[in-house]
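Have a look at the structure below before the remarks.
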Amino acid sequence: MSKRVLILGGGVAGLTAAHELLERGYRVCVLERQSIAGGKARSVWHEGLPAEHGFRFFPGFYKHLPDTMRRTPVGSGRSAFDHLEWSRLDRLAFMDGSRILTPPSFPRSLRMLWLSSSIPFRLLRKGLPLRDLLFFGGKLWRIVTSSFERRAGEYEKIGWMQFVQADERSQQYRDLLAVGPTRILVASKAEEANTKTLANVSMQLIFNTITPGETSDRLLDGPTNEVWIDRWLEDLRGKGLDYEFDQEVTRLVVEEGAIAGVEVGGPDGAARRLEADYYLSALPVEVMGRLASDELIAADPHLAGLRELRHHVNWMNGVQFYLAEDVRLNPGHIIVSGSPWALTGLSQQQFWSDYSLAEESDGRVHGCLSVDISDWNTPGLNGRRARDCSRQEVVEQVWAQLQQALPELRGIEYVSAFLDDDIVQAEDNPHHEINLEPLLVNRADSWRLRPEAWTALPNLFLASDYVRTYSDLACMEAANEAARRAVNALLERDGSDAERCEIFPLREWWLFAPLKWLDRRRYERGRPGSWLPPPRVPASHRRRRSSAVRR
């Protein structure tokens, strides 16, 4: 009889692991805390309309997740991958109402060629000093020509803001180059993330943008669960998956150096113990860090890093505005540069060709603006931090910031709005919010805290975005890759001769291979990166720099 695997967590990582294990003949049960499948990638429903934990973003460098989506049938001979559409034109919006449009893929028309080639000049017109633009170009050159050894040994221990020397440059440099693009393109916090993580992903996105036939920005053509997650779950259940909702894992029972069972609480409050041959945890780091008991760490001391890693999180949550008219701001993502709460957004209905908000709302709603809030600690236009506002105050303040940055929204009122229900009021402070599902940030020198997909316990494996992966980022791609690594480790432990899951390394352009080889030699000799130094700041500028540096 086939072995039974208990998967803890039913998000992208848990579903991926289930997908791979079912294909290899294992019996699989997934335990999910929510009443909706998908974890942080799930859709929810507000007054009968779709809402999200945060809008979905599928960069071109994703390889593991698209591979799984291609193997997920959704009916009519289509796969989940067929529901991905390219963003056509992203937008850098400013709080004064101006904008810069940026093509996320290789130009395929004269207009797109002009928009791409004129980006540096338009940045200069926004007040970015030429010396800062050249300086950042030198930093990008160091990234592109750096060896894997330098990135892993040196850049992992350096914060991104330190690497780009943001505090020594102008405020425009910080907003337009150092911080702004990471809000959406890397889904991370530039002020906290390490250079290796942002450098790796930034390099992939640049390659996607300048390579013909590729793009750096894709999104779904409908609500996430409607066109993907629910279809995926339906297919896996048809293959024998047992998927249980409203099941919260409260304890990993460790006996004699192995997992003896899992204690689970259900919606009725009753606890039960479940047992299996193997256990695969696809729980997020803030949950797994709490479950890292003394007994678990005694069985695998390296898992002690989870206790510290669980605090390496930040907030990035969504709010959706439902509009009486479909305001098509631009056919792609929006970065609101200089917004106090670091807003990014997307006008959804224009991409939902087969899903009508009007039909779902009896004609009241025709558009949806989905927005992510990435900074909950900086005072907004109202002088208060987002985490110190009530849910309604958060919604109203986000709308006020959007209306200031996006002229198309001025004078428009939304029909209704939904703030991610992971944002809840703190029990001990009615004027303070807490986040039930924060986002992992790969801080400087945090790789040492992160475990592999296998553990010293013979029947426990880990599959979540905190696991060591090529993707190295808190995202669906890393969750999918981590699940594949966990399944491969399980197959190895079980002595299975089944085909292993494919793992895709990040792409390294052959054009820079000689320079990367030189950099590796320089790194081995303790020499700094790149034989081409970044532009030096003229002495005249150094004397005047105090007027440009951020105060």
For W447, ring pair (Phe, Tyr, Trp, His ring centres under 6.0 Å) partners two or more places apart: none
Distance (rounded to the nearest 0.5 Å) between L291 CG and R307 CZ: 11.0 Å
Partners passing side chain to side chain contact (heavy atoms under 4.5 Å, CB included) against E255 (at least two apart in sequence or in another chain): V253, A260, R273
Qualifying residues under side chain to side chain contact (heavy atoms under 4.5 Å, CB included), relative to D372, sequence neighbours excluded: F55, M316, T344
Pairs involving residues 235-268, ordered by first then second residue, that meet ring pair (Phe, Tyr, Trp, His ring centres under 6.0 Å) (sequence neighbours left out): Y243-F245
Which residues share a salt bridge (Lys or Arg N to Asp or Glu O under 4.0 Å) with R443, sequence neighbours left out: E192
Flag, side chain of R150 to backbone of F148, donor-acceptor distance under 3.5 Å: no
Summary of ring pair (Phe, Tyr, Trp, His ring centres under 6.0 Å) pairs that have at least one residue in residues 470-504, sequence neighbours excluded: H64-F504
Identify all side-chain donor-acceptor contacts of residues 450-462 below 3.5 Å with residues at least two apart in sequence or on another chain.
residue	atom	partner	partner atom	Å
R450	NE	Y466	O	3.0
R450	NH1	D472	OD1	2.6
R450	NH2	V467	O	3.2
R450	NH2	D472	OD1	3.3
T455	OG1	L457	N	3.2
T455	OG1	L457	O	3.2
T455	OG1	L460	O	2.9
N459	OD1	I259	N	3.0
N459	ND2	I259	O	2.8

Summary of ring pair (Phe, Tyr, Trp, His ring centres under 6.0 Å) pairs that have at least one residue in residues 193-224, sequence neighbours excluded: F207-W509
Charged tip of K139 within 45° of F163 ring normal and under 6.0 Å: yes
Under the side-chain hydrogen bond (donor to acceptor under 3.5 Å, both in side chains) test, residues paired with R507 that sit two or more places apart: E214
Passing option when Y155 is tested against N194, T197, N200, T195 for side chain to side chain contact (heavy atoms under 4.5 Å, CB included): T195
For E248, all residues meeting side-chain hydrogen bond (donor to acceptor under 3.5 Å, both in side chains), sequence neighbours excluded: none
Min side-chain heavy-atom separation P284-E437 under 4.5 Å: no
Ring pair (Phe, Tyr, Trp, His ring centres under 6.0 Å): pairs with one or both residues in residues 279-301, sequence neighbours excluded: none
Donor-acceptor side-chain pairing of D519 and T145 below 3.5 angstrom: no
Donor-acceptor under 3.5 Å (K196 side chain, I158 main chain): no
Main-chain N/O of S2 paired to R27 side chain as donor or acceptor, under 3.5 Å: yes
Flag for T68-R484: side-chain donor and acceptor within less than 3.5 Å: yes
All side-chain hydrogen bond (donor to acceptor under 3.5 Å, both in side chains) counterparts of K239, not counting sequence neighbours: D235
